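Shown next, in structure tokens, is the structure this report addresses.
Convention: sequence-line order gives letters A, B, ...; per-chain numbering from 1. Keep in mind it's a predicted model, so treat the numbers as computed, not measured.
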There are 2 protein chains.
Amino acid sequence: MNVRQRLSPARVVDAALELVDEQGVEALTLAAVAAKTGVATPSLYKHVASLGELRGLLGVRVLEEMTERFTSAVIGRAGDDAVAALMHAYRAYVREHPKRYAAMPMDPLHDELQRAAGVKLMEVMLATLRSYGMEGSQAVHATRRLRVIVHGFASIESSGGFGLPEGLDDTYDQLVRMYLDDLRGQS
Amino acid sequence: MNVRQRLSPARVVDAALELVDEQGVEALTLAAVAAKTGVATPSLYKHVASLGELRGLLGVRVLEEMTERFTSAVIGRAGDDAVAALMHAYRAYVREHPKRYAAMPMDPLHDELQRAAGVKLMEVMLATLRSYGMEGSQAVHATRRLRVIVHGFASIESSGGFGLPEGLDDTYDQLVRMYLDDLRGQS
DNA sequence: TTGCAAGGCTAAGGGCATTAGCTTTTGAGC
DNA sequence: GCTCAAAAGCTAATGCCCTTAGCCTTGCAA
């Protein structure tokens with residue numbers, strides 16, 4: 001029996017992700033998710049506590065996807081090669097899912113799961129920088145600078161904040177080179 | 001008569017700005033603005049076309065304030081001195097009004113006024129870089145890199161995205177130095 | 001086979017944005 | 001000072017959305 005696949009929290013997040021990718025965050029409504037999953041709105045509460053929690057789960061999912069992709073981008077590489085690969089993987093993910101990225105708040109303060117997922121992503125960055133022999137606070141600062149650059153660019157690009165997209169690849173290459181030079185100077 | 005100051009679009013934006021500063025974007029609701037201005041909700045429509053337009057006006061206001069402050073920060077300075085002053089002024093503004101900054105979308109595509117205000121802000125950056133003798137696309141790239149850094153940091157800091165705020169001043173100083181070194185290399 | 005828990009549904013309440021249509025105020029021109 | 005029209009306010013009402021309550025069905029485990 002049970003022709004129709006039963007719902008689960010994961011499937012709800014799937015639908016929410018589709019919705020965000022197609023129409024942006026403001027379209028993420030329980031009513032729309034319910035329609036997409038073929039269920040009445042209140043039924044979603046059997047799988048998700050609230051719209052707020054769904055947003056949190058969405059953030060966790062995105063952070064996990066990013067962590068996974070950055071990890072495989074970096075594996076087998078070291079030094080400048082690894083850092084450049086990480087930065088390009090970051091931008092590539094955001095270009096594939098711009099609305100999804102723009103949807104994810106940088107503010108994981110109220111969501112423990114999301115905070116944990118964010119920490120894991122940062123650990124990938126930290127580990128990548130370890131091949132430069134950085135330790136302690138020096139490594140923390142270097143990770144922050146990296147984050148500022150990749151997120152700054154991604155945030156502006158994903159929301160169409162750059163005027164014309166002309167030469168954006170060049171701009172990003174310059175940022176990568178700037179950061180690599182910076183690392184060289186610090187070590 | 002008329003003890004109570006009559007409402008105007010500017011006063012509506014004032015109230016909205018207060019609301020955002022105090023409680024964040026999600027608290028920006030026409031009902032709340034109406035309460036703060038001592039008026040019934042539908043009366044706001046005599047001054048503002050919709051909640052969306054109010055958000056746009058808010059963005060314009062913030063961009064104008066930033067432009068003004070950055071302009072006076074930069075006036076009378078040149079070269080590295082000017083760039084450093086601009087970057088520090090940017091961060092200072094965002095630290096004073098973190099929620100306000102986080103509220104402003106990077107996406108001015110649907111709002112012509114906001115786009116124009118953004119262009120003016122970028123012109124201040126461009127003008128500041130002109131003392132490096134940059135022209136055309138080189139100047140555009142340099143402006144973009146600057147924007148990525150200041151916005152990236154501001155975006156993360158304003159939404160509490162850095163874990164502990166420990167050493168954030170140092171991190172920012174390093175970013176400033178990184179960018180100045182980068183400019184030196186490009187010229 | 002029985003019974004219970006999981007998962008679905010309808011009904012209903014409350015908040016918000018927005019529109020319609022009315023009333024009051026105000027100020028410009030006479 | 002008076003008139004009257006536009007500006008600015010209000011109440012009523014609609015529709016969408018989140019959320020809760022309470023009920024019904026299904027499927028599985030004992």
Side-chain angles (χ1 to χ4, degrees), chain A residues 1-61 99 103-105 107 110-111 113-114, chain B residues 1-61 99 103-105 107 110-111 113-114:
Chain A
M1 303 302 117
N2 222 5
V3 175
R4 171 184 313 260
Q5 192 61 267
R6 266 237 302 307
L7 223 46
S8 71
R11 280 185 51 74
V12 172
V13 173
D14 289 344
L17 225 37
E18 274 184 46
L19 217 59
V20 168
D21 281 342
E22 291 163 3
Q23 311 179 46
V25 219
E26 65 284 352
L28 177 56
T29 163
L30 286 183
V33 172
K36 199 177 258 289
T37 54
V39 116
T41 307
S43 304
L44 294 175
Y45 285 83
K46 292 290 157 95
H47 306 282
V48 152
S50 68
L51 176 60
E53 190 192 85
L54 178 55
R55 290 205 192 97
L57 292 175
L58 216 75
V60 171
R61 176 76 73 85
K99 297 187 183 166
M104 193 189 45
D107 160 17
H110 294 297
D111 188 326
L113 287 177
Q114 200 172 339
Chain B
M1 301 303 117
N2 222 4
V3 175
R4 170 183 315 260
Q5 192 61 265
R6 265 239 301 309
L7 223 46
S8 72
R11 281 186 50 75
V12 172
V13 173
D14 290 344
L17 224 38
E18 274 184 43
L19 217 60
V20 168
D21 280 343
E22 291 163 3
Q23 311 179 45
V25 218
E26 66 283 353
L28 177 57
T29 164
L30 287 183
V33 172
K36 199 176 257 289
T37 54
V39 117
T41 306
S43 303
L44 294 175
Y45 286 84
K46 293 289 156 95
H47 306 281
V48 152
S50 68
L51 176 60
E53 190 192 85
L54 178 55
R55 290 206 192 96
L57 293 175
L58 216 77
V60 171
R61 177 76 73 85
K99 297 188 183 165
M104 193 188 45
D107 160 18
H110 295 296
D111 187 327
L113 288 178
Q114 199 172 341

**Report entry** side chain to side chain contact (heavy atoms under 4.5 Å, CB included) against A:A16, all qualifying residues, sequence neighbours excluded
**Finding:** A:L28, A:V33, A:L54, A:L58
Report task. For residues A:A27 and A:A32, report the shortest heavy-atom separation together with the two atoms involved. Result ->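 Smallest interatomic distance, heavy atoms only, reads O-CB, 3.9 Å.
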Report summary line: Looking only at heavy atoms, the pair that brings A:A103 and A:V20 closest together is CB-CG1, 3.8 Å
Query raised in the report: Can you list every pair that meets salt bridge (Lys or Arg N to Asp or Glu O under 4.0 Å) and has a residue in residues 26-35 of chain B, with sequence neighbours left out?
Result: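 The answer is none; no pair qualifies.
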Query raised in the report: For residues 12-24 of chain B, which residue pairs qualify under salt bridge (Lys or Arg N to Asp or Glu O under 4.0 Å), counting only residues two or more places apart or in two chains?
Result: B:D14-B:R61, B:E18-B:K36, B:D21-B:R100, B:E22-B:K36
Requested in this report: Please round to the nearest 0.5 Å and tell me the distance separating atom CG of B:L57 and atom CG of B:L17.
Outcome: 11.0 Å
Could you list the protein-to-nucleotides 4-8 of chain D atom pairs, N/O on both sides, closer than 3.5 Å?
from	atom 1	to	atom 2	distance (Å)
D:dA8	N7	B:K46	NZ	3.0

Return the polar atom pairs (N/O with N/O) between nucleotides 18-20 of chain D and the protein under 3.5 Å, or none.
from	atom 1	to	atom 2	distance (Å)
D:dC18	OP1	A:T29	OG1	3.0
D:dC18	OP1	A:L30	N	2.8
D:dC18	OP2	A:T29	OG1	3.0
D:dC18	OP2	A:L30	N	3.2
D:dC18	OP2	A:A31	N	3.1
D:dT19	OP2	A:Y45	OH	2.7
D:dT19	OP2	A:L51	N	2.9
D:dT19	O5'	A:Y45	OH	3.0

Only pairs under 3.5 Å count here: list side-chain donor-acceptor contacts from residues 38-51 of chain A, not counting sequence neighbours, and write none if there are none.
from	atom 1	to	atom 2	distance (Å)
A:S43	OG	A:A40	O	3.3
A:S50	OG	A:G52	N	3.3
A:S50	OG	A:E53	N	3.1

Report task. Please list, chain by chain and in numerical order, all residues satisfying salt bridge (charged side-chain N to carboxylate O under 4.0 Å, His left out) with A:R55, sequence neighbours excluded. Result -> none
**Report entry** Between D:dC17 (P) and A:L44 (CG): distance, integer Å
**Finding:**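 From A:L44 CG to D:dC17 P: 13 Å.
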